[in-house]
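Computed from a predicted structure; not experimentally measured.
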There are 2 protein chains.
Amino acid sequence: MKIGDVAKRTGASVRSIRHYEKVGLIRATREENGYRDFDEADMLLVRRIGRMIRLGFTTEEIATFLNCIVDDPATVTACPKVAAAHRLKLAAIERQMADLETRRQKLLITLKAASGQDDISVPETLAHAETSPIALAHPRHPGARGLFRRRG
Amino acid sequence: MKIGDVAKRTGASVRSIRHYEKVGLIRATREENGYRDFDEADMLLVRRIGRMIRLGFTTEEIATFLNCIVDDPATVTACPKVAAAHRLKLAAIERQMADLETRRQKLLITLKAASGQDDISVPETLAHAETSPIALAHPRHPGARGLFRRRG
DNA sequence: GTAACCCCTGACATCAATGTCAGGGTCAAG
DNA sequence: CTTGACCCTGACATTGATGTCAGGGGTTAC
């Protein structure tokens, strides 16, 4: 199966599949002409990688436990590394959510103060005094890149 | 007041203050020797910019409404643009939170399936079937950059 | 005059997956 | 043999505030 077929059947772009190979998440044999050759198992793997990425794992993180997942036809059995990675990711996500919630509350306060008047009066004290100097240990939200903002 | 003083009194780095000037958020007069010269108002402005950035606004967004904020000593009065920008940011944050919550739930499901067993059994169907192809219109979480992950 | 600070500009790096283009093959159908 | 549809590699771009370095100058106190 050629890379284009895998792309169609997994939803991943050709570019992404090549990338997964480059970072060592998948391995492809080569035909005589240099074309990559994939089989069904590779395809399932690409699908799994895509799901992990959508969950927010980076390829680097996935690499730490992907080789520790062994499939049989319909089931995947994984070793503890998988759960560990999931717990870490979960914690990171919850930190991000907490940060977002904090910011949300502050925005709401400002908006509340603004409602009902044409001009917004924002006392300095209300302007969210001293937020933590700079927060967020795990700032980025990986997973779901590639589509860039269209300037708007 | 020189840039170093402003940095100390606002918590922003010298680099950041220069950046704010470059993108047009602040204006500094120059001394004869080329040094930037700031006054108290500039300092308050830098503080406000810092707060906005911590709230998640980009400098570009801030630029759309910062000039529409007029201070008198202790109070800030702003025009509707400020509220509009805040509402947009609020909506973006809530989208991000919803996305995080979705991912959180999926991670929890996997972890739940894993609990109590040495090996994790992750049926394909459970492996979060077809998440939206690629989500997140406003992927990044701006505000709070600069401190990079220390590889961990 | 020289050390110790501070300021200036400009450029590169960071993070990470993906898009996109250039330049160049392979192959089957017409 | 040409056309069209693929495949290949390698490189640059995207996001965006900030860190950091290079190379050069100012100011002050000893």
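Between B:Phe65 and B:Phe57, the ring planes lie perpendicular to each other; the angle is over 60°, past the 30° to 60° tilted range.
A donor-acceptor pair is defined here as one N or O able to donate and one able to accept, closer than 3.5 Å; such a pair exists between the side chain of B:Arg47 and the backbone of B:Arg9.
Separating the CE atom of B:Met52 from the C1' atom of D:dA17 is a distance of 17 Å, rounded to the nearest angstrom. Look at CZ on A:Arg18: it is 14 Å from P on C:dC21, rounded to the nearest Å. Atom CD1 in A:Ile17 sits roughly 14 Å away from atom C1' in D:dC6 (whole-Å rounding). As a whole-Å value, the separation of A:Gln96 CD from C:dC15 P is 17 Å. In this structure, A:Phe57 places its CZ atom 13 Å from P of C:dA17, rounding to the nearest Å. Distance CD (A:Glu21) to P (D:dG10): 12 Å, rounded to an integer number of Å. Distance, A:Lys22 NZ to C:dT18 P: 14 Å, rounded to whole Å. Summarising the geometry, the separation between CE on B:Met1 and P on C:dC6 is reported as 16 Å, rounded to the nearest angstrom.
The distance from the CD atom of A:Gln105 to the CG atom of B:Leu90 is 9.5 Å, given to the nearest 0.5 Å.
A salt bridge is defined here as a Lys NZ or Arg NE, NH1 or NH2 lying under 4.0 Å from an Asp or Glu carboxylate O, and B:Asp99 with B:Arg103 meets this definition. A salt bridge links B:Glu61 with B:Lys89: at least one charged nitrogen is closer than 4.0 Å to a carboxylate oxygen.
Checked against A:Phe38 for a side-chain contact (heavy atoms from CB on, under 4.5 Å), the options A:Thr29, A:Val46, A:Ile17 give a single hit: A:Ile17.
Contact between the side-chain N/O atoms of A:Thr58 and the OP1/OP2 oxygens of C:dC15 is not found at any separation under 4.0 Å. An OP1 or OP2 oxygen of C:dT18 is reached within less than 4.0 angstrom by a side-chain nitrogen or oxygen of A:Ser16. When the side-chain nitrogen and oxygen atoms of B:His19 are compared with OP1 and OP2 of D:dT18, none of them lie within a distance under 4.0 Å.
Listed by chain and residue number, A:Arg15, A:Ser16 satisfy the side-chain contact (heavy atoms from CB on, under 4.5 Å) test with A:Ser13 (two or more places apart in sequence, or in another chain).
Taking the nucleotide of DNA chain D with the nearest heavy atom to each of B:Val14 and B:Lys2, the more 5' of the two is matched to B:Val14.
For DNA chain C, the residues of residues 25-37 of chain B within the heavy-atom distance limit of 4.0 Å (strictly under) are B:Arg30, B:Gly34, B:Tyr35, B:Arg36, sorted by number.
Interface remark: the A:Arg15 side chain does form a donor-acceptor pair with the C:dT20 base, using a distance-only criterion of under 3.5 Å.
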